[in-house]
Amino acid sequence: QSVLTQPPSASGTPGQRVTISCSGSSSNIGGTPVAWYQQFPGTAPKLLIYSNNQRPSGVPDRFSGSRSGTSASLAISGLQSDDEANYFCGTWDVTLHVVFGGGTKLTVL
Amino acid sequence: QLQLRESGPGLVKPSETLSLTCTVSGGSISSSSYFWGWIRQPPGKGLEWIASIYSGGSTYYNPSLKSRVTIGVDVSKNQFSLRLYSVTAADTALYYCARDGRPIENWFDPWGQGTLVTVSS
């Protein structure tokens, strides 16, 4: 059972905008920036978003993040087949230190 | 370009100690302002952070694993390590090392390719 709650799956068609949620509490998301990771099968996670809404160099601006209260969201616009992957949120928790969400498998229909 | 690579046995017997090393290239652990961490992922499951260490030796651990884990650093070799004691089948996972953005930020980047450790007799 992950401390941060994500939907196990999400889907969309090419060109569509999809959103993945990450729900936490005042002990984590409510007080600390959130990061998002993208993981393709058989590969290591890659940092996609940090500080709630910042993109590392090289990450397309189709990917965006936001945080409101004790929840965060990752939005992917102009969905592409290459975006099919698992997405994880992560942040700091005052008691548990580093915590992650259980991950969301994104399917491009 | 900073790169990390995990190494260690792929098979560990139950009750024994899992030992892994992460070698950092393209940058110096000792001159970095960041921590360095270990994260694991059981097959088909989510991510679990294990521990992180600073070049100066400061550490922080996942409270649920703290009693069984030691993280270390060897700046002369530009490596950091993980020891997990008294392993069980539940410790079977892909183990990743990564640069930990703390104390400045909350992120892990980049990650090593990961190494699969199976606990089995």
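Only this structure's heavy atoms are used, side chains among them; waters, hydrogens and symmetry mates stay out. All of these numbers come straight from a predicted model, not from anything done at the bench. Per chain, numbering begins at 1; letters A, B, ... match sequence-line order.
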Colleague: Given the options A/Gly103, A/Pro33, A/Gly102, A/Ala35, which has more heavy-atom pairs under 4.5 Å with chain B than any of the others?
Modeller: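 When all of A/Gly103, A/Pro33, A/Gly102, A/Ala35 are compared, A/Pro33 has the most.
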Colleague: For B/Asn106, run the side-chain contact (heavy atoms from CB on, under 4.5 Å) check against A/Val34, A/Asn52, A/Thr32 and tell me which one passes.
Modeller: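 For B/Asn106, the side-chain contact (heavy atoms from CB on, under 4.5 Å) check succeeds only for A/Thr32.
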Colleague: Given heavy-atom pairs under 4.5 angstrom as the criterion, report whether the side chain, backbone, both or neither of A/Thr43 touches chain B.
Modeller: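 Backbone only.
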Colleague: Hydrophobic cluster membership, with links at side-chain heavy-atom distances under 4.5 Å among I/L/V/M/F/W/Y: are B/Leu94 and B/Leu20 in one?
Modeller: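 No; tracing contacts between hydrophobic side chains, which count when under 4.5 Å, never links both residues.
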Colleague: Quick check on the hydrophobic clustering: are B/Tyr61 and B/Tyr85 connected, directly or via other members, by side-chain heavy-atom contacts under 4.5 Å?
Modeller: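 Result: no, two separate clusters.
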Colleague: With sequence neighbours left out, write down each residue that passes salt bridge (charged side-chain N to carboxylate O under 4.0 Å, His left out) with B/Arg5, or none if nothing qualifies.
Modeller: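 For B/Arg5 there are no salt bridge (charged side-chain N to carboxylate O under 4.0 Å, His left out) partners, ignoring immediate neighbours.
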Colleague: Are B/Trp36 and B/Tyr54 co-members of a hydrophobic cluster defined by side-chain heavy atoms under 4.5 Å apart?
Modeller: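 B/Tyr54 does not cluster with B/Trp36.
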Colleague: Would you please test A/Leu96 and B/Trp49 for side-chain contact (heavy atoms from CB on, under 4.5 Å) and show each step?
Modeller: CA-CA 10 Å; A/Leu96 303 174; B/Trp49 169 74; over 6 Å; no
Colleague: Which is it for B/Ile39 and A/Phe100 under the side-chain contact (heavy atoms from CB on, under 4.5 Å) test, yes or no, and what are the steps along the way?
Modeller: CA-CA 10 Å; B/Ile39 305 104; A/Phe100 292 101; 4.1 Å; yes
Colleague: What do you reckon, is CZ of B/Arg83 surrounded by more than 12 foreign heavy atoms closer than 6.0 Å?
Modeller: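 Open: at most 12 neighbouring heavy atoms sit under 6.0 Å from CZ of B/Arg83.
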Colleague: Please report the closest heavy-atom contact between A/Ser51 and B/Glu105, naming both atoms and the distance.
Modeller: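 Scanning both residues completely, I find the closest heavy atoms to be OG-OE1, 2.8 Å.
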Colleague: Taking it one step at a time, do A/Phe88 and B/Gln41 satisfy side-chain contact (heavy atoms from CB on, under 4.5 Å)?
Modeller: CA-CA 12 Å; A/Phe88 296 89; B/Gln41 184 175 34; 3.6 Å; yes
Colleague: Give, as side chain, backbone, both or neither, the part of A/Gln39 having an atom under 4.5 angstrom from any heavy atom of chain B.
Modeller: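 For A/Gln39, the side chain is the part near chain B, not the backbone.
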Colleague: Please examine the side chains of B/Leu47 and A/Pro45, heavy atoms only from C-beta on, and report whether any two atoms are closer than 4.5 Å.
Modeller: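 Heavy-atom side-chain distance check passes, below 4.5 Å.
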Colleague: Is it the case that the side chain of A/Tyr37 and the backbone of B/Phe108 share a donor-acceptor pair, with hydrogens and angles ignored and the cut-off at 3.5 Å?
Modeller: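 At least one qualifying donor-acceptor pair exists.
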Colleague: Side chain, backbone, both or neither: which part of B/Ile50 has an atom under 4.5 Å from a heavy atom of chain A?
Modeller: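 Interface part for B/Ile50: neither.
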Colleague: Do A/Phe40 and A/Ile49 share a hydrophobic cluster, counting only Ile, Leu, Val, Met, Phe, Trp and Tyr and linking them when any side-chain heavy atoms are less than 4.5 Å apart?
Modeller: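 Per the 4.5 Å side-chain linkage, A/Phe40 and A/Ile49 are not co-clustered.
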Colleague: For the hydrophobic clusters of this structure (ILVMFWY residues joined by side-chain heavy atoms under 4.5 Å, transitively), does one cluster hold both A/Trp92 and A/Leu48?
Modeller: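 Result: no, two separate clusters.
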Colleague: Kindly compute the distance separating NE2 (A/His97) from NZ (B/Lys66), expressed to the nearest 0.5 Å.
Modeller: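 Between atom NE2 of A/His97 and atom NZ of B/Lys66 there are 6.5 Å.
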Colleague: So, for A/Ala44 and B/Gly112, which heavy atoms are closest and what is the spacing to 0.1 Å?
Modeller: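 The pair with the smallest heavy-atom distance is CB-O, 3.1 Å.
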